[in-house]
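Here's the structure, in structure tokens; my notes come after.
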Amino acid sequence: MREKAQIMSSSEIERTLVRLAHEIIEKNNGAKDLGLVGIRQRGVPLAQRLAGIIRRIEKKSAVPVGTLDITAHRDDLSTLGPKPVTQKSEIAFDINGKDIILVDDVLYTGRTARAAMDALFTHGRPRKIQLCVFIDRGHRELPIEATFVGRKVQTSEHESVQVLLREVDEADKVLLVEKTG
């Protein structure tokens with residue numbers, strides 16, 4: 001992978017998260033009955049950051065945040081190798097009847113979002129599921145669209161978008177990279 005451009009800086013990431021938090025609050029008439037579930041790996045810190053911003057805006061108790069591992073629900077398991085590594089999903093609140101926001105870093109084909117919905121239903125039946133993605137790079141293979149989008153980035157098939165977050169990567173930035181070889 002070769003870095004082509006930096007799409008977003010740390011301050012742009014923060015501003016985008018604040019805007020997304022406001023959109024989530026507005027679309028859901030506040031934070032009542034709201035729960036955020038981050039898709040491993042980078043959806044988790046994004047969900048945690050969004051929950052903190054929503055709590056500050058609404059001046060109420062914390063919005064519950066869960067972690068979802070979708071590995072067992074992917075439709076490409078056979079291409080991942082003989083034994084893909086799964087991690088534990090941690091949703092310590094009842095999702096039944098709640099408005100759940102699934103949070104991920106990049107929306108591409110839509111397959112991750114589909115797998116996340118399948119995984120989420122093993123934990124209960126939410127009233128509503130909305131998808132929040134930090135970057136939508138197009139090239140959908142399934143009829144899935146995000147309710148909340150940080151930024152749309154047009155990419156070619158040989159380009160990719162990397163969201164780097166300080167909780168995982170020790171830096172906050174979004175990069176456009178080109179696949180080499």
Side-chain angles (χ1 to χ4, degrees), residues 7-8 13 16-17 19-21 23-24 27-28 31 34-54 62-77 79-81 84-96 98-153 155 160-175 177:
I7 300 169
M8 296 175 82
I13 288 172
T16 301
L17 286 169
R19 177 180 52 79
L20 286 169
E23 288 178 12
I24 289 168
K27 181 132 181 136
N28 291 283
L34 199 63
L36 287 110
V37 176
I39 301 170
R40 287 195 189 270
Q41 169 155 358
R42 287 169 184 81
V44 175
L46 289 171
Q48 291 166 338
R49 289 191 201 184
L50 283 167
I53 296 166
I54 291 169
V63 175
V65 179
T67 299
L68 199 58
D69 180 23
I70 62 155
T71 306
H73 299 272
R74 294 177 60 105
D75 62 3
D76 62 352
L77 274 177
T79 64
L80 294 178
V85 177
T86 60
Q87 297 177 6
K88 188 176 182 187
S89 293
E90 298 168 17
I91 302 177
F93 61 96
D94 186 9
I95 69 167
N96 289 297
K98 286 225 185 283
D99 296 334
I100 299 297
I101 312 290
L102 279 174
V103 182
D104 203 9
D105 58 346
V106 178
L107 178 57
Y108 178 40
T109 62
R111 293 181 183 279
T112 296
R114 186 218 44 88
M117 286 187 277
D118 285 352
L120 189 64
F121 285 127
T122 66
H123 295 273
R125 188 176 187 278
R127 187 177 80 83
K128 176 170 53 175
I129 300 173
Q130 298 168 333
L131 178 61
C132 175
V133 297
F134 201 71
I135 301 290
D136 181 348
R137 61 170 286 213
H139 304 285
R140 217 72 78 239
E141 295 174 0
L142 298 174
I144 291 177
E145 293 298 321
T147 312
F148 309 102
V149 176
R151 185 177 289 183
K152 289 189 180 212
V153 177
T155 63
S160 184
V161 175
Q162 289 183 341
V163 176
L164 304 176
L165 300 172
R166 65 181 178 263
E167 296 90 340
V168 179
D169 309 292
E170 299 176 9
D172 272 351
K173 59 185 171 182
V174 179
L175 303 173
V177 296

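Quick caveat: nothing in here was measured; it's all calculated off a predicted structure.
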Does [X] come within less than 4.0 Å of [Y], counting only side-chain N to carboxylate O?
X: R137; Y: D105; result: no
X: R19; Y: E23; result: yes
X: E167; Y: R42; result: no
X: D118; Y: R114; result: yes

Working to the nearest 0.5 Å, report the span between [atom1] of [X] and [atom2] of [Y].
X: I70; Y: S89; atom1: CD1; atom2: OG; result: 9.5 Å
X: I100; Y: C132; atom1: CD1; atom2: SG; result: 13.5 Å
X: R49; Y: F134; atom1: CZ; atom2: CZ; result: 8.0 Å
X: E90; Y: H123; atom1: CD; atom2: NE2; result: 10.0 Å
X: I13; Y: R166; atom1: CD1; atom2: CZ; result: 9.0 Å
X: L164; Y: L175; atom1: CG; atom2: CG; result: 5.0 Å

Any donor-acceptor N or O pair under 3.5 Å, side chains H139, T109: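 No, T109 and H139 have no side-chain donor paired with an acceptor closer than 3.5 Å.
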Polar side chain donor-acceptor pair, N28 to Q130, under 3.5 angstrom: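 There is such a pair (donor and acceptor under 3.5 Å, judged by atom type) between the side chains of N28 and Q130.
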Quick one: does [X]'s side chain get under 4.5 Å of [Y]'s, heavy atoms only?
X: D104; Y: T112; value: yes
X: R127; Y: K98; value: no
X: L142; Y: R111; value: yes
X: V133; Y: V106; value: no

Stepwise side chain to side chain contact (heavy atoms under 4.5 Å, CB included) test for V163 and M8: CA-CA 9 Å; V163 176; M8 296 175 82; over 6 Å; no
Examine distances only and state if a side-chain atom of [X] and a backbone atom of [Y] form a donor-acceptor pair shorter than 3.5 Å.
X: N96; Y: P126; value: no
X: R151; Y: I7; value: yes
X: T16; Y: G150; value: no
X: D169; Y: A171; value: no

What closest approach, in Å, do [X] and [Y] show between heavy atoms, and which atom pair accounts for it?
X: D172; Y: L165; value: OD1-CA, 3.3 Å
X: A21; Y: L50; value: N-CD2, 3.8 Å
X: A116; Y: L102; value: CB-CD1, 3.9 Å
X: T155; Y: V161; value: CG2-CG2, 3.8 Å
X: V63; Y: G35; value: CG1-CA, 4.2 Å
X: F93; Y: P64; value: CD2-CB, 3.4 Å

Intermediate values then yes/no, side chain to side chain contact (heavy atoms under 4.5 Å, CB included), F148 and V103: CA-CA 9 Å; F148 309 102; V103 182; over 6 Å; no
Worked check of side chain to side chain contact (heavy atoms under 4.5 Å, CB included) between L120 and I95: CA-CA 9 Å; L120 189 64; I95 69 167; 3.9 Å; yes
NZ/K128: more than 12 non-hydrogen atoms of other groups inside 6.0 Å: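 Correct, the count exceeds 12.
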Atom CD of E170: over 12 foreign heavy atoms under 6.0 Å: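 Not buried by this count: 12 neighbours or fewer within 6.0 Å.
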Given L36, L20, I101, the one that forms side chain to side chain contact (heavy atoms under 4.5 Å, CB included) with I54: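 So the option named by the test is L36.
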Full working for side chain to side chain contact (heavy atoms under 4.5 Å, CB included) between L17 and L46: CA-CA 8 Å; L17 286 169; L46 289 171; 4.0 Å; yes
Residues D99, K27; criterion salt bridge (Lys or Arg N to Asp or Glu O under 4.0 Å); working and verdict: CA-CA 11 Å; D99 296 334; K27 181 132 181 136; over 6 Å; no
